[in-house]
Each structure stands twice: as C-alpha cells, then as structure tokens.
Amino acid sequence: MVDTVDKLGYFQAITGLEDADLCTEILQAHGWDLELAISSFTSSDQDASSSAVDGGGNNRDHDHNNATVTPDYPPRGIVDDTELVMRDDGGGNRGPGVAWRIITLPISIVSGSLGLVSGAIGLGIWAAGGVLSYSLGMLGFRSGRGGGSESARLVSVSSAVGEAMEFVALFDRDYGSNNAFKIDFVVEGFMDALQRSRSSFKLLFVYLHSPDHPDTPVFCGGTLCNEAVVAFVNENFVSWGGSIRSSEGFKMSNSLKASRFPFCAVVMPAANQRIALLQQVEGPKSPEEMLAILQRVVEDSSPTLVTARVEAEERRTNLRLREEQDAAYRAALEADQAREQQRQEEKERLEREAAEAERKLKEEEEARERAAREAEERQAARVRMRQEKALALGEEPEKGPDVTQVLVRFPNGERKGRMFKSETKIQTLYDYVDSLGLLDTEEYSLITNFPRTVYGRDKESMSLKDAGLHPQNNLLFHYVNLICMISNCIQH
C-alpha cells in the first residue's frame, strides 16, 4: 500500500497531473510499472503522429489508444467519466456527436500555448483561470476526470502561433480567394483562443482541417464560407482552426476523438485543465444543417454565458465599488493624516516659538543682570578709584606764595576748589576732579578760559608753574565736548 502511494505521488510529481484518479488509472493500465507509465506518458510527438490520417483522410484508422501518447485506458472509465448529458435528435437516434462532455486537455496543449516551462505550472495556471466552471455546474456538469488525456514534448509559443498562422494562410489561399465570406480564425494557439473566448463570454468554435479528405474542399468552400454560417460564427463564437498535420491540431483531434472528417466542435472552458465539449460535428454538413446545429448550441448555452457575463459584471461592479470605497477611505485617511500632520506641525511651531521667546527672555534677563553687575562693578571701581585718588592728594596746603587755589566749574554749574602747590603736576588736578565723583566719565579735558588753553592728558606731567597756571590763571573743564570753567587765584 505504501509502495502504491509512493508511486502515485512520484508519478504526479513527474507528469504534473493533479487528478489522482486519472494517475491511478494510468498506472493500473501499466501494471503499476512506474518507469513504463512515465515513458509512455512522455513519449514524443513523432511517435504520436505515426498513426495520423491516411492519404485520403476519410476513414483514418483513428485508434486513439495508439494515435495518442496516452496509454490504453479502459473504455468504461472514459465513457462513465466524460459523457455527462446525451441528447437525441428525435426518432431515437442520437445526433452527430451531440454530447456534453468534460475533456482533460493534454499537458502539451496547456503548457505549450501558454509558453510555460513545465506541465505542472501550466496546470496551476489553468486551474486558477476557470472563470466559467461555476456556470458549467449550473448546467449539471460534474468535473469528473477526462478521457482524452495525453502528454508530449512542450510546444513553444512561437510554434503554436506559427502553426495557427500557417493554417489561416493556407485556408485563405485555398478557399478565401474565391469566397467573399470567411470565418475569422484567430492566429494563436488553442489555449490562447480558449482564453479569448472566456474573456469575451463566447463559445469556442473548433475546426480540425484534414487537407487530403475528399469532403474537405466542398465543406470548406460551401459550408464554412457560406455567408449565413460565417456571419453567425463570427458573431457568436471565437474561432480556432488547426490542421491535423500540425502538432497542436493532431493533439486536439486525439483529445476530441475525431473519427470522421470534416470535423468541427464547440467547446467552452471548464476548470482544472479541462474543456466542456458542447457539440461535435463529424462528416460533411450543408450550410443549413451546420447553421441549425450551431444555433441550437448557442441557444442551449445562452443561459450559461449570460449567467457568467452577469456574474463577471457583478464581480467587476463589486471590485469597482471596493476600489472606490478603498480610494475614498485612502483619501479620507490621507486627509486625516494631513490634518494631523498640520496640527502637529502647528503645535511644534508654537512650541518652538514659545521656547525661542523663553530663550530670548532668559537672555535679556541675563543681559540685564550682567549689565547691572557690570554697572555695579564699574561704580565700585570708580568709588575705589576716587577714594584712592583722594588719599593720594594728601593734605591740602595752606595759602602761601607757592600755593595756587584752583576752582573747578563742572558742566552742571557746580564749583569745587582746592589749594595746590605750584610744583603739583597737571595729573594731580585730574586726580582731584576724579576724586570728587561728579563726572560719569574719564574722558574730559581741563582748559583755561582766557587765554583759552587746553591742558589735555598730554600735559599731565607738567607742573602748574610750568603750565603757566601759577601765579595766576583761569582753568576750564572739558567734559565730552562740553567746556567748563576752571579758575584759580593766587594768595599773596
């Protein structure tokens, strides 16, 4: 049991298949020989194409168990798990391939058209993109495992597109030149066309072209280029075509189990690497028959497409509403954040201004205190200076022939006088004026009124006698450009 589980897990990891039941069936078909099952699963396209159509293509030996790279699965499992709804055309005979089936696409189709590196990544992308899976469920589909699963070498995007371009070019060359109407086959791989049909909420019309089949020219020229058929297909379907000689066309013919040609099918995307086969048309059909079949398919599928379109529109509306709500919320949040930031900036500005005002107030207070201290210090210095100079004057001499009486008149009109010896220096007169403390400055000059003579600091070393102030003269006192009188008298 453990060995079986391990083999199943390893097989899923190697192949990228997610369907455990399908993997189990493949391993059982190979007797749980893991190496043989993987080798068969990953065999090349060249091996698959060895069982392609014969020269006429009419009655090709379409043994899918040999033509595809898929191992020989039990037929019972395929029918039970893929055929969901069978309908009759009346009279008890089932119409030409009229069936609702879920088909699992080969990894090479899924990953090849999407240009993926591995099948496992392709499966994840395919599973995530099942937009119409819910709508299929409303029609009664059940997502059982498909019956046409295969895997081959990955086909590059350029290869899938190149094959589609080659098919469209050949179809236009062979049938478009003689017909004014032609189906708008998309020039892209099958998976891209399926994605296009999903996004446009249309069914996918698939045409598998067998160039050598005798009925192909008549069907292509008479039916596929019919004005009514072309108009209806172009309006209601996304169309994809491929030649069974090409890699992707051959794989799709195996997946859809095409047994007669010309072959057409109508499919729509389902979930998890699957498509829903809504209609297949095998063998030649007249334009009227083809149009009737396609009209019936569109009519039957219309509720599904309408529901999917409505749901998608609701999702877009809800998404747009959420985006608008988110945008409004972000705008309101940004406005709140801007207001909060503005409030915070205003608060910080006021705090800075308050701090600056406090700093300035503190600086002014400190400056006033410093100025007061300096004024007090200067005043104290002047007091000390006056006291020192007053002491330095000594005793005032008494009147005598060598004594001069000096009278100093200050700017405020006040007069002060003192006796000085004739040998006293002019500097002593300045010291005397300073000791009186009547001036707030030391920048002043002593002058005589008549004759007008200035006794500045440059004459401080002269004696009163040498300066001509003895025996008799007048002195003026100069204080900041203010001239004051100084008089003296000589006692005989």
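If you read the sequence from its start, that first residue is 1, and numbering goes on from there.
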**OP:** Give a yes or no on this: more than 12 heavy atoms of other residues, nucleotides or ligands lie within 6.0 Å of atom NZ of Lys459.
**Re:** yes

**OP:** Report yes or no: do Gln195 and Arg198 form a side-chain donor-acceptor pair below 3.5 Å?
**Re:** yes

Subject >> For the student: nearest non-hydrogen atoms of Pro269 and Ser197, plus distance >> reply: CD-OG, 4.1 Å

**OP:** Can you measure from CD (Gln405) to CZ (Phe420) and round to the nearest 0.5 angstrom?
**Re:** 10.5 Å

**OP:** Can you sort out the partners of Glu365 under side chain to side chain donor-acceptor pair (under 3.5 Å), two or more places apart, ordered by chain and number?
**Re:** Arg368

Original post:
For Glu396 and Met419, which heavy atoms make the closest approach, and how far apart are they?
Top reply: OE2-N, 2.8 Å

Original post:
Phe205 versus Ile183: any side-chain heavy-atom pair under 4.5 Å?
Top reply: yes

Original post:
What distance do Arg457 atom CZ and Gln427 atom CD have between them, rounded to the nearest 0.5 Å?
Top reply: 6.5 Å

Original post:
Would you find more than 12 non-hydrogen atoms of other residues, nucleotides or ligands less than 6.0 Å from Glu460 atom CD?
Top reply: yes

Original post:
For the residue pair Leu27 and Leu8, what are the closest heavy atoms and their distance?
Top reply: CD1-CA, 3.8 Å

Original post:
Of all heavy-atom pairs between Leu278 and Ser301, which one has the smallest distance, and what is that distance?
Top reply: CD1-OG, 3.4 Å

**OP:** Taking the side chain as every heavy atom from C-beta outward, state whether Met252 and Val206 have any pair of such atoms under 4.5 Å apart.
**Re:** no

Subject >> Residue pair Val238 / Phe201, side-chain heavy-atom distance below 4.5 Å >> reply: no

Original post:
Which distance, rounded to the nearest 0.5 Å, do you find between the OG1 of Thr404 and the CG of Leu407?
Top reply: 13.0 Å

Original post:
Is it true that a side-chain atom of Glu163 and a backbone atom of Gly242 form a donor plus acceptor pair closer than 3.5 Å?
Top reply: no

Original post:
Less than 4.5 Å apart, any side-chain heavy atom of Asn236 and any of Leu294?
Top reply: no

Subject >> Check: Gln387/Arg384 side-chain N/O donor and acceptor closer than 3.5 Å >> reply: no

**OP:** Look at the aromatic rings of Tyr207 and Phe185 and report parallel, tilted or perpendicular, splitting at 30° and 60°.
**Re:** tilted

Original post:
Step by step, would you call Glu340 with Arg343 a salt bridge (Lys or Arg N to Asp or Glu O under 4.0 Å)?
Top reply: CA-CA 5 Å; Glu340 176 62 23; Arg343 187 192 66 79; 2.6 Å; yes

**OP:** Please round to the nearest 0.5 Å and tell me the distance separating atom NZ of Lys421 and atom CG of Asp402.
**Re:** 8.5 Å

Original post:
Is there a side-chain contact (heavy atoms from CB on, under 4.5 Å) between Leu203 and Leu305 once you walk through the steps?
Top reply: CA-CA 8 Å; Leu203 303 177; Leu305 298 177; 4.0 Å; yes

Subject >> Heavy-atom pair with the smallest gap, counting every atom of Lys202 and Glu235 >> reply: NZ-O, 3.2 Å

Original post:
Mind checking what makes side-chain contact (heavy atoms from CB on, under 4.5 Å) contact with Glu356, not counting sequence neighbours?
Top reply: Arg359, Lys360

**OP:** Under the side chain to side chain donor-acceptor pair (under 3.5 Å) rule, what do Gln341 and Gln337 come out as? Steps first, then yes or no, please.
**Re:** CA-CA 6 Å; Gln341 183 177 359; Gln337 291 175 344; over 6 Å; no

Original post:
Hey, is Glu353 close enough to Arg349 for a salt bridge, meaning N to O under 4.0 Å?
Top reply: yes

Original post:
More than 12 non-hydrogen atoms from neighbouring residues, nucleotides or ligands closer than 6.0 Å to CD on Glu348, yes or no?
Top reply: yes

**OP:** Check whether any side-chain heavy atom of Leu464 sits under 4.5 Å from a side-chain heavy atom of Leu429, and report yes or no.
**Re:** yes

Original post:
Within a strict 4.5 Å, meaning less than it, do heavy atoms of the His209 and Leu170 side chains meet?
Top reply: no

Subject >> Check: Lys389 main-chain N/O paired with Tyr432 side-chain donor or acceptor under 3.5 Å >> reply: no

Original post:
When you look at CD of Glu398, are more than 12 heavy atoms from neighbouring residues, nucleotides or ligands closer to it than 6.0 Å?
Top reply: no

Original post:
Between Glu376 and Arg373, does at least one N-O distance fall below 4.0 Å, as a salt bridge requires?
Top reply: no

**OP:** Indicate the atoms forming the closest heavy-atom contact of Val161 with Glu188, along with that distance.
**Re:** CG2-CA, 4.3 Å

Original post:
Do the side chain of Asn234 and the main chain of Asp184 share a donor and acceptor less than 3.5 angstrom apart?
Top reply: yes

**OP:** Nearest 0.5 Å please: distance from the CG atom of Asp431 over to the CD1 atom of Ile426.
**Re:** 11.5 Å

Original post:
What distance do Thr317 atom OG1 and Arg322 atom CZ have between them, rounded to the nearest 0.5 Å?
Top reply: 10.5 Å

**OP:** Output yes when Lys251 and Glu248 qualify as a salt bridge under the 4.0 Å nitrogen-oxygen rule, no when they do not.
**Re:** no

Subject >> Evaluation steps, side-chain contact (heavy atoms from CB on, under 4.5 Å), between Ser445 and Tyr430 >> reply: CA-CA 8 Å; Ser445 298; Tyr430 277 96; 4.1 Å; yes

Original post:
Hey, is CZ on Arg386 packed in by over 12 heavy atoms from elsewhere, all under 6.0 Å?
Top reply: yes

**OP:** Evaluate the criterion side-chain contact (heavy atoms from CB on, under 4.5 Å) for residue pair Leu204 and Phe190; output intermediate values, then yes/no.
**Re:** CA-CA 10 Å; Leu204 180 62; Phe190 177 81; 3.6 Å; yes

Original post:
Passes side-chain contact (heavy atoms from CB on, under 4.5 Å), Glu414 versus Lys416? Steps please.
Top reply: CA-CA 7 Å; Glu414 187 175 354; Lys416 296 289 183 180; 3.1 Å; yes

Subject >> Glu299 backbone acceptor or donor facing Ser302 side chain under 3.5 Å >> reply: no

**OP:** For the residue pair Leu319 and Arg315, establish whether any side-chain heavy-atom pair is separated by less than 4.5 Å.
**Re:** no

